[in-house]
Each structure stands twice: as structure tokens, then as C-alpha cells.
K.L.:
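Below you'll find the structure I mean.
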Amino acid sequence: MEEISVVQTKGGTVSVASAFAGHQEAIQSRDYKFLRIAVEEAYKGVECEDGGPFGAIIVCKDEVVASCHNMVLRNTDPTAHAEVTAIRKACEKLKQIELSDCEIYASCEPCPMCFGAIHLSRVKRLVYGAKAEAAIAIGFDDFISDALRGTGFYQKAQLEIKRADGKEANIAEEVFQKTKEKFRMY
């Protein structure tokens with residue numbers, strides 16, 4: 001029997017707090033169903049040699065809007081990760097850049113670039129399967145902070161990073177002030 005807490009408030013209303021097992025089970029089975037589709041995409045991508053073993057789907061109102069896998073090799077594009085590709089496809093299909101009514105299911109914990117894309121697209125929920133360590137163990141090392149510090153196991157950053165200063169930096173910053181009234185993101 002589940003435990004239910006009932007609280008009487010000053011206004012006479014009743015709040016019921018419950019760890020309703022049936023509800024949690026339904027959410028978990030739904031998540032697993034969609035996660036399996038993302039994993040199937042990962043297998044598909046490797047099988048057709050499009051890229052690494054990563055898959056992602058975008059779900060909106062319990063319907064799969066986009067189902068994609070890693071396309072890095074096929075597109076010769078290092079940004080064509082499964083999550084980014086799924087976000088691009090979902091935005092195009094839904095004709096919007098904000099996916100706040102959507103969830104993303106990824107076969108693996110997203111790298112920082114993919115997490116950034118998920119955040120910028122305003123996806124409301126992320127569910128992933130494998131931990132990043134599973135990808136790292138077979139040679140994937142997309143952890144930007146480690147690469148920049150040179151502490152990544154497989155990659156050492158050869159990237160020099162400098163910020164411009166003086167007049168050129170000021171001109172670059174002015175574009176934001178001069179266009180703020182003409183451009184609204186959301």
C-alpha cells in the first residue's frame with residue numbers, strides 16, 4: 001500500500017502528496033520506450049557508417065518528431081552529433097527554434113556541445129542512457145573542458161584562444177547594442 005501524506009492548510013484546502021507508484025511506473029516505461037528508439041538509431045548510424053554509436057530522438061506530446069543518429073562521417077561535419085542533428089530536424093519540421101514543448105532522448109550522455117544545443121533550443125527534458133564514460137572507453141573524448149586543459153585522455157588541445165582588444169573588440173561588441181531593437185530571439 002502506498003503512503004499518502006494529507007496536509008490541512010489554513011484556508012481549509014487539502015494537499016495530497018504521494019509517491020504514486022503507478023504514475024512513476026508509467027513515466028519510466030514511456031521513457032524506456034523512447035530511449036530504445038534512440039538506441040536503435042545509434043545502431044543504425046554505425047551500421048550504415050554515418051558516424052559513431054549515438055542516437056537521439058525529439059518527442060513532442062508523446063509523438064516522435066525527429067529520430068536521428070550521428071552523421072559526422074556522412075556529412076563530413078564534426079557538429080553533426082545525434083542530438084544536434086535531431087534538434088535541427090525537429091526545428092525544421094515544427095518551423096520554430098524553441099522546442100520548449102519537447103523532450104530529447106539520447107543513447108548517451110550528451111557532450112558539452114550537444115548539451116549547449118539542447119539548452120539553447122529550450123528542450124524541457126533530457127533522458128539519456130549510457131554515461132559519457134562508455135563513449136570515452138572506446139575512444140570518444142568530446143569533453144571540451146578536458147581538451148582545453150590538455151587533460152583529455154585521447155585529445156590534447158592545439159587550439160590557441162585569444163580575445164581581441166581595443167577598437168576591433170569594441171566594434172564587435174557594438175553589433176549587439178546596435179541590433180538589439182531589430183532582432184529578438186524569443
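Here, residue 1 is the first one in the sequence, and each next residue gets the next number.
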K.L.:
Using 0.5 Å steps for rounding, measure from the CZ atom of R36 to the CD1 atom of I57.
P.N.:
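Between R36 CZ and I57 CD1, I get 12.0 Å after rounding to 0.5 Å.
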K.L.:
For residues 44-52, which side-chain N or O atoms pair as donor and acceptor with protein atoms under 3.5 Å away, sequence neighbours left out?
P.N.:
| from | atom 1 | to | atom 2 | distance (Å) |
| --- | --- | --- | --- | --- |
| K44 | NZ | E41 | OE2 | 3.1 |
| D50 | OD2 | H69 | NE2 | 2.7 |

K.L.:
State, to 0.1 Å, how close G55 and A42 come at their nearest heavy-atom pair, and which atoms those are.
P.N.:
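Residues G55 and A42, closest heavy atoms: N-CB, 3.6 Å.
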K.L.:
Give me the atom names and distance for the closest heavy-atom approach of I118 to P110.
P.N.:
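Looking at all heavy atoms of both residues, the shortest contact is CD1-CG, 3.9 Å.
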K.L.:
Keeping the roles fixed (side chain from S107, backbone from V39), state whether a donor-acceptor pair exists under 3.5 Å.
P.N.:
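Not at all, since once roles are kept as given, no pair shorter than 3.5 Å links the two residues.
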K.L.:
How close do A106 and L35 get, heavy atom to heavy atom, and via which atoms?
P.N.:
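Looking at all heavy atoms of both residues, the shortest contact is O-CD1, 3.2 Å.
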K.L.:
Kindly give the heavy-atom pair with the smallest separation between A86 and I58, and that separation in Å.
P.N.:
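A86 and I58 have their closest heavy atoms at O-CG1, 3.6 Å.
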K.L.:
Linking I/L/V/M/F/W/Y whenever any side-chain heavy atoms sit under 4.5 Å apart, do V65 and V59 land together?
P.N.:
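Per the 4.5 Å side-chain linkage, V65 and V59 are not co-clustered.
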K.L.:
Check whether more than 12 heavy atoms from other residues, nucleotides or ligands sit under 6.0 Å from atom CD of E63, and answer yes or no.
P.N.:
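No - once you tally the heavy atoms of other residues, nucleotides and ligands closer than 6.0 Å, there are 12 at most.
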K.L.:
Taking side chain as C-beta onward, heavy atoms only, is E103 less than 4.5 Å from L126?
P.N.:
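No; the side chains remain at least 4.5 Å from each other.
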K.L.:
May I have the step-by-step check of side-chain contact (heavy atoms from CB on, under 4.5 Å) for M71 and D77, ending in yes or no?
P.N.:
CA-CA 7 Å; M71 301 287 284; D77 177 359; over 6 Å; no
K.L.:
Looking at D101 and K124, does any basic side-chain N land under 4.0 Å from a carboxylate oxygen?
P.N.:
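Looking at K124 together with D101, the answer is no, because their closest N to O distance does not fall below 4.0 Å.
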K.L.:
Are any side-chain N or O atoms of E109 and backbone N or O atoms of K131, one a donor and one an acceptor, separated by less than 3.5 Å?
P.N.:
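The answer is no, because no donor-acceptor pair under 3.5 Å joins these two groups.
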K.L.:
Please report the closest heavy-atom contact between V123 and C102, naming both atoms and the distance.
P.N.:
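Heavy-atom minimum between the residues: CG1-O, 3.4 Å.
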K.L.:
Following the transitive rule for hydrophobic clusters with a side-chain heavy-atom cut-off under 4.5 Å over Ile, Leu, Val, Met, Phe, Trp and Tyr, establish whether V64 and V127 coincide in one cluster.
P.N.:
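V64 clusters together with V127.
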K.L.:
If you look at every heavy atom in A66 and A90, which pair is closest and at what distance?
P.N.:
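Minimum heavy-atom contact is CB-N, 3.8 Å.
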K.L.:
Could you give the distance from SG (C114) to CD1 (I104), rounded to the nearest 0.5 Å?
P.N.:
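Answer rounded to 0.5 Å: 7.5 Å.
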K.L.:
With respect to Y105, which candidate in Y32, Y128, F34 satisfies the ring-ring contact (aromatic ring centres under 6.0 Å, His included) definition?
P.N.:
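Between Y105 and the candidates, ring-ring contact (aromatic ring centres under 6.0 Å, His included) is satisfied uniquely by F34.
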K.L.:
Looking at R125 and D31, is there a salt bridge between them, counting it only when a charged N and a carboxylate O are closer than 4.0 Å?
P.N.:
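Salt bridge flag = yes for R125 with D31.
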K.L.:
Any side chain to side chain donor-acceptor pair (under 3.5 Å) pairs touching residues 86-96, not counting sequence neighbours?
P.N.:
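As it turns out, the side chain to side chain donor-acceptor pair (under 3.5 Å) pairs with a partner in residues 86-96, which skip direct neighbours, are T79-R88.
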K.L.:
On the 0 to 90° scale, with breaks at 30° and 60°, tag the F54-F140 ring pair as parallel, tilted or perpendicular.
P.N.:
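F54 vs F140 ring planes: perpendicular.
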K.L.:
side-chain contact (heavy atoms from CB on, under 4.5 Å) for C91 and L99? Distances and angles first, verdict last.
P.N.:
CA-CA 7 Å; C91 287; L99 301 175; 3.9 Å; yes
